[in-house]
Amino acid sequence: MDRIPRSNVVHKFEKRSLLIAINCVAALSIFFFGYDQGMMGGVNNAKDYYQDTMKFGHEAPDGSPIIDDTLLQGGIVSIYYVGTLVGCLVGGWFGDKYGRIKTIALGAAWAILGAALQTSAQNSNWMILARLVNGWGTGILNAIVPVWATETAEHTSRGQFIAIEFSLNIFGVVVAYWLEYGCSFYMDGRSSFVWRFPIAFQIAPLLFLFGIVWIFPESPRWLVKVGREEEARYILGRLRGETGEDMGKAEAEFQDVRNIAELERKTASRQSYIAMLFGLGSGKLHTGRRVQLVIWLQIMQEWIGIAGVTIYAPTIFRTAGIGNSDVAWISGLNTITYMMSTLICVFTLDRIGRRWTLYWGSVVQGISLFLAGGLSRAAQNHPLGSSEAKSLSSGAVAMIFLFTATFGATWLTVPWLYPAEIFPLEVRAKGNAWGVVGWSMGNGWLTLLCPVMFKALHEKTYYVFAAANAITIPMVWALYPESNQRTLEEMNLLFAADSIWNWEAEKNFKILKEQNPELVQAAQRGHSVLDPETGLPVRSGSVARNMSLDATALSQRHADDGAYEEKQTFKHG
């Protein structure tokens, strides 16, 4: 392929080795994301930072920080999420227009600038501006990296690859915490090095990401979208293989992508963020519904409690009755168990699906948070240092550990994977950006309120998070269709129903898939796209080229015996 530079790794690797290489680069970006999130927990506890430079607190006799201005502390943390909100919208627009690779490079460059500004901050105003800039870069990366990863992976293993990437995300949190823990011993923790070096450390992976992403292949789906079909077909061939039992996989998938791309060009004529939010002009694509689903899934991901645990872990463990001398190593141990738990999702997400992963996560997380609040309250009713208080505090800490581990195995990955899966190709990067908008809103809102909530409610804050977990169960059951083991091209059929309810979406999907097999040939036989009778590769034709999702006709009738029949067909233009 002459148009792809010879230095590109697509010429050197193929199939699983190429997918692993792509996901390693994606994981590098996700690692930075986790590191950047986890970093502020240690920074907030550095004396030079909170007392001498930002001036929102002072040191207690036992060495723990006393926060005098919780709004300023929370504001410095949360302004980052205003930046991610703006950045993700820029990243989504840029990614759909100029491609996934250029967008990743732009995000890395912008994040490097933000990290440099944070490292050199001299006061709270400077830090607020620096956090805003850094958040912009992170938002760009978060909007595009999951899209690039899902568009190159096979539909049977998308969840596994994204779960592996988010194991690296929590590894970033672990590295941030223990690096800051080690720095805290330098000059008895009173030097600005304690917080400046951990911030500067994130520049290293960002520089590497910026330099290496240029030699990686562009998303074949984006290439089809912009008319560079020869390049797209070559990259798909390298990703799926062209010989033996793999023969025909790439061709069938390529035809699916091309057919759906042609459909979407006719129906997704209005592609602005505002049009997407309200579903204007999207017809049966129902982009407005998809936008609302991903926004609220990301908001709830934060309000079930993880944002507070990640950034304010020391505060949480003090609330549970742990002494200041033990808070640091217990918080660090929690990040390690958190990281290890993400490996569970690698093996379960593609087996049990997105919905059941969220269900069991919400149940265990809600119970653990209710128990953490009750045990913390009970510990405070006994004399400090008594055996009863220590036992109850240990139980509360164990529940926080259980909550964090369960989150790592469930809710960490799905809200990031789902937005990258369900949107039409024409607006996939913008759609994923809407998910980052929800994440930014949930995180920003919560990190701003967390210091205030813990100061006013103490251990009762856990009950608020537990209630949020309970709310998610009926929400997911009623509104979120299952995307597991379905190709990206099948998502338009899954969301074609006019009803918002999941059971209606599934019913319509089954009917439409039977009536329009030419749209989803690559998914017809799971791993195999070879005809069982002839042994030849299944190839989807160009039948769909003259179809319009916008012209879907729906007819319903109830027979006398109570049977219900629904038919939904695509009109030919």
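Numbers here simply count residues along the sequence, with the first being 1. Predicted, not measured: the structure shown is a model, and the values here were computed from it.
Expressed to the nearest 0.5 Å, how far OG1 of T342 lies from CG of L349 amounts to 12.0 Å. The NE2 atom of H458 sits 8.5 Å away from the OG1 atom of T461 when rounded to the nearest 0.5 Å. Between the CD1 atom in I336 and the CD1 atom in I170 there is a gap of 13.0 Å [rounded to 0.5 Å]. In this structure, the separation between OG1 on T410 and CH2 on W356 is 14.0 Å, given to the nearest 0.5 Å. Rounded to the nearest 0.5 angstrom, K55 NZ and D69 CG are separated by 13.0 Å. To the nearest 0.5 Å, atom CE of residue M39 and atom CG of residue N44 are 9.5 Å apart.
Between Y181 and Y177, the angle of the ring planes stays under 30°, which puts this pair in the parallel group of the 30/60° scheme.
Side-chain atoms of R428 do not come within 3.5 Å of backbone N or O of V147 as any donor-acceptor pair. A donor-acceptor distance shorter than 3.5 angstrom exists from the side chain of W178 to the backbone of G332, with no hydrogens or angles considered. With N123 contributing its side chain and W126 its backbone, the two residues share a donor-acceptor pair below 3.5 Å. Between the D96 side chain and the A429 main chain, a donor and an acceptor come within less than 3.5 Å of each other. For S120 (side chain) and A116 (main-chain N/O), a donor-acceptor pair under 3.5 Å exists by modelled atom type. With hydrogens and angles disregarded, no donor-acceptor distance shorter than 3.5 Å links the side chain of Y81 to the backbone of L446. In this structure, E180 contributes its side chain and V194 its backbone to no donor-acceptor pair below 3.5 Å.
The minimum heavy-atom distance between A143 and G92, with the atom names listed, is CB-N, 4.0 Å. Of all non-hydrogen atoms in F13 and A21, the two that sit nearest each other are CD1-CB, 4.5 Å. Contact between C88 and V437 at its shortest, heavy atoms only, is SG-CG2, 3.4 Å. Closest heavy-atom contact between A149 and E165: CB-OE2, 3.3 Å. Shortest non-hydrogen contact noted between F370 and A467 is CZ-N, 4.3 Å. Listed here is the closest heavy atom pair of Y359 and I473: CE2-O, 3.8 Å.
By the 6.0 Å contact criterion, CH2 on W445 is open, its count of non-hydrogen atoms from other residues, nucleotides or ligands being 12 or less. Taking a 6.0 Å sphere around CH2 of W136, one finds it holds 12 or fewer heavy atoms contributed by other residues, nucleotides or ligands. Atom CE of M475 has more than 12 heavy atoms from other residues, nucleotides or ligands within 6.0 Å. More than 12 heavy atoms of other residues, nucleotides or ligands shown are found within 6.0 angstrom of CH2 on W303.
Judged purely by distance below 3.5 Å, without hydrogens or angles, the side chains of D48 and S192 never pair a donor atom with an acceptor atom. Counting only N and O atoms by type, the side chains of W411 and S362 include a donor and acceptor under 3.5 Å apart. In summary, the side chains of E459 and S376 do not present any donor paired with an acceptor at a separation below 3.5 Å, with no hydrogens or angles considered.
When side chains are defined from C-beta on, W148 counts as touching V25, because their heavy atoms get closer than 4.5 Å. A heavy-atom distance below 4.5 Å is not found between the side chains of T404 and F407. Using a 4.5 Å heavy-atom threshold, the side chains of I20 and R16 count as touching. Taking the side chain as every heavy atom from C-beta outward, I144 and F94 never approach each other to under 4.5 Å. In this structure, I76 and L72 have side chains that are in contact, with non-hydrogen atoms separated by less than 4.5 Å. Residues R131 and V77 are in side-chain contact: their nearest non-hydrogen atoms beyond the backbone lie under 4.5 Å apart. The side-chain heavy atoms of N443 and Q37, taken from C-beta on, include a pair separated by under 4.5 Å. In this structure the side chain of Q73 never reaches within 4.5 angstrom of the side chain of Y50, judged on heavy atoms.
Outside the 6.0 Å centre-distance limit, the rings of Y462 and F403 are not counted as a close aromatic pair.
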(request) Go through N23 and I164 one step at a time and tell me if the side-chain contact (heavy atoms from CB on, under 4.5 Å) criterion holds. (result) CA-CA 9 Å; N23 279 273; I164 292 171; over 6 Å; no
(message) Evaluate Y186 against F197 for ring pair (Phe, Tyr, Trp, His ring centres under 6.0 Å), listing each step before the verdict.
(response) CA-CA 11 Å; Y186 179 74; F197 177 76; 9.8 Å; no
(request) Before giving the answer on side-chain contact (heavy atoms from CB on, under 4.5 Å), spell out for M276 and F423 the whole-Å C-alpha distance, their side-chain angles and the decisive distance to 0.1 Å. (result) CA-CA 10 Å; M276 288 182 66; F423 280 97; 4.1 Å; yes
(message) One pair to check against side-chain contact (heavy atoms from CB on, under 4.5 Å): W296 and L479. What are the steps and the verdict?
(response) CA-CA 11 Å; W296 283 103; L479 301 174; over 6 Å; no
(request) Show your working on ring pair (Phe, Tyr, Trp, His ring centres under 6.0 Å) between F201 and Y35 and close with a plain yes or no. (result) CA-CA 9 Å; F201 183 81; Y35 182 91; 5.6 Å; yes
(message) Between V291 and Y273, does the side-chain contact (heavy atoms from CB on, under 4.5 Å) criterion hold? Intermediate values first, please.
(response) CA-CA 10 Å; V291 167; Y273 282 115; over 6 Å; no
Could you pull out all donor-acceptor pairs under 3.5 Å where a side-chain atom in residues 205-218 meets a protein atom, sequence neighbours excluded?
{"from": "W214", "atom 1": "NE1", "to": "F210", "atom 2": "O", "distance (Å)": "3.0"}
{"from": "E218", "atom 1": "OE1", "to": "R100", "atom 2": "N", "distance (Å)": "3.1"}
{"from": "E218", "atom 1": "OE1", "to": "I101", "atom 2": "N", "distance (Å)": "3.3"}
{"from": "E218", "atom 1": "OE2", "to": "R100", "atom 2": "N", "distance (Å)": "2.9"}

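Judged as a side chain to side chain contact (heavy atoms under 4.5 Å, CB included), and not counting sequence neighbours, the contacts of R190 are K47, E59, D188.
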